[in-house]
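Lettering of chains follows the sequences in order, A, B, ..., and the numbering in each one begins at 1. Worth saying up front: this structure is predicted, and the values here are computed from it rather than measured.
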Protein chains: 2
Amino acid sequence: MSLSQIQYFVAVAEEGHVGRAARGLRIAQPAVSRQIRRLEDELGTVLFVRTPRGMRLSSPGELFLKHARGILGAVSAAERDVRRVGSSGTR
Amino acid sequence: MSLSQIQYFVAVAEEGHVGRAARGLRIAQPAVSRQIRRLEDELGTVLFVRTPRGMRLSSPGELFLKHARGILGAVSAAERDVRRVGSSGTR
DNA sequence: TGAGGTTACGCCTATCGTAATAATG
DNA sequence: CATTATTACGATAGGCGTAACCTCA
């Protein structure tokens with residue numbers, strides 16, 4: 001599991017659509033599709049229900065979304081927080 | 001910033017020693033050293049004070065350590081939680 | 001001079017993008 | 001048949017390990 005995968009996952013969950021998610025991420029569709037698949041494989045879980053209209057979260061997917069947002073938020077907070085203090089010792 | 005980097009960072013912070021951290025991670029020393037360096041570069045901050053005895057956390061490093069543990073904990077929780085529920089839809 | 005961290009370099013795996021393929025209303 | 005996701009495949013980039021190097025008490 002990587003931070004990119006989590007980021008892609010959240011984008012797809014929000015858009016309900018791999019194509020739009022990919023455009024938002026400024027990356028090609030297949031890259032997103034693959035990473036979602038990999039993530040599902042690693043977790044041993046189906047995160048989305050595939051429909052010809054797009055992707056809809058499964059119930060494990062809904063659960064994972066909450067965690068995913070928390071993780072990305074924690075990462076952003078860590079960066080912001082460290083950058084704010086860190087100017088003292090800038091190598 | 002990647003999850004591996006965060007994991008390596010925590011290991012080094014706990015050991016105060018790149019070599020021991022690397023052994024614990026079952027990975028070679030330079031790999032750890034490089035990732036720590038990369039992390040510092042990305043954050044624009046020095047996370048460790050280098051001494052001839054090993055590595056000691058700087059004060060931004062101490063701050064980052066708290067965040068880092070939170071992130072890794074959140075990732076583990078997400079995995080565990082989803083795996084617990086996810087057996088319903090196992091592809 | 002010894003203990004530890006870092007840089008150089010070659011290899012290998014992972015990820016990307018483009019193009020082709022499949023599935024479904 | 002149009003829309004969307006997926007697979008194939010070649011190219012690129014990122015990460016690792018071994019070996020050589022640097023630094024400081």
Side-chain angles (χ1 to χ4, degrees), chain A residues 1-58 60-61 64-65 68 72 75 79 89-91, chain B residues 1-58 60-62 64-65 68 71-72 75 79 89-91:
Chain A
M1 175 150 66
S2 76
L3 290 176
S4 302
Q5 285 173 340
I6 297 174
Q7 188 186 349
Y8 296 178
F9 166 79
V10 171
V12 173
E14 287 175 347
E15 296 286 1
H17 198 279
V18 173
R20 275 195 299 274
R23 234 169 298 141
L25 294 163
R26 300 190 163 279
I27 214 178
Q29 229 146 332
V32 176
S33 181
R34 273 183 308 239
Q35 292 303 321
I36 297 293
R37 169 66 64 125
R38 262 184 70 81
L39 183 58
E40 288 179 323
D41 285 354
E42 283 171 19
L43 292 173
T45 311
V46 175
L47 296 171
F48 290 101
V49 179
R50 275 75 171 170
T51 86
R53 300 291 200 161
M55 317 266 280
R56 202 177 58 243
L57 282 170
S58 68
F64 188 68
L65 178 58
L72 296 184
V75 169
E79 289 179 337
T90 313
R91 189 192 309 285
Chain B
M1 175 149 65
S2 76
L3 291 175
S4 303
Q5 286 173 338
I6 298 173
Q7 188 186 348
Y8 296 178
F9 166 79
V10 172
V12 173
E14 287 175 347
E15 296 287 2
H17 198 279
V18 174
R20 276 196 298 275
R23 234 169 299 143
L25 293 163
R26 299 191 165 280
I27 216 178
Q29 227 146 333
V32 177
S33 181
R34 275 183 306 238
Q35 293 304 322
I36 297 293
R37 169 67 63 128
R38 262 184 70 79
L39 183 58
E40 289 180 322
D41 285 354
E42 283 171 18
L43 292 172
T45 311
V46 175
L47 296 171
F48 291 101
V49 179
R50 274 75 171 171
T51 86
R53 301 291 200 158
M55 316 267 279
R56 202 178 59 245
L57 281 170
S58 68
E62 302 243 23
F64 188 68
L65 179 58
I71 292 165
L72 295 183
V75 170
E79 288 179 336
T90 312
R91 190 190 310 284

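- Between the CG atom of B/L39 and the P atom of C/dT6 there is a distance of 13 Å, rounded to whole Å.
- Taken to the nearest 0.5 Å, the CD atom of A/Q5 stands 5.5 Å off from the CZ atom of A/R38.
- Distance, B/L47 CG to C/dT6 P: 12 Å, rounded to whole Å.
- Within 4.0 Å (heavy atoms only), A/Y8 reaches sugar-phosphate atoms of the nucleic acid but no base atom.
- Closest contact between the side chain of B/I27 and the listed nucleotides C/dC16, C/dT7, D/dC16 involves D/dC16.
- Among all heavy-atom pairs drawn from A/L25 and A/Y8, the shortest one is CD1-CD2, 3.6 Å.
- Nearest nucleotide to the A/Q29 side chain, out of C/dG5, D/dA5, C/dA8: D/dA5.
- Taking atom CZ of A/R53 as the reference point, atom P of D/dA5 lies 12 Å away to the nearest angstrom.
- Residues A/Q5 and A/T51 both approach DNA chain C. Their nearest nucleotides, taken by heavy-atom distance, put A/Q5 toward the 5′ side.
- The CG atom of B/L72 sits 6.5 Å away from the CD atom of B/Q7 when rounded to the nearest 0.5 Å.
- Summarising the geometry of A/P60 relative to A/T45, their closest heavy-atom pair is CB-CG2, 3.3 Å, with the distance given to 0.1 Å.
- Of the candidates D/dT18, C/dG25, C/dG5, C/dG5 carries the atom nearest the B/M55 side chain, counting heavy atoms from C-beta on.
- Between the P atom of C/dG4 and the CZ atom of B/F48 lies a distance of 16 Å, rounded to the nearest Å.
- Atom pair B/L25:CG and D/dC16:P shows a separation of 10 Å (rounding to whole Å applied).
- Candidate nucleotides C/dT7, C/dC16, D/dT6 were compared by shortest atom distance to the side chain of A/R50, and D/dT6 ranks first.
- For the pair A/R56 CZ and C/dG25 P, the computed distance is 12 Å after rounding to whole Å.
- Remark: P of D/dT4 and CD of A/E15 are 12 Å apart, rounded to the nearest angstrom.
- Rounded to an integer number of Å, the gap from A/R37 CZ to C/dA14 P is 17 Å.
- B/H17 approaches B/R53 most closely through the heavy-atom pair CD2-O, 3.9 Å.
- Side chain of A/H17, nearest nucleotide from C/dG5, D/dA5, C/dG25: D/dA5.
- Mapping A/S33 and B/Q35 onto DNA chain D by nearest heavy atom places A/S33 at the nucleotide closer to the 5' end.
- Within 4.0 Å (heavy atoms only), B/R38 reaches sugar-phosphate atoms of the nucleic acid but no base atom.
- If you check D/dC9, C/dG5, C/dG25 against the side chain of A/R34, the one that comes closest is D/dC9.
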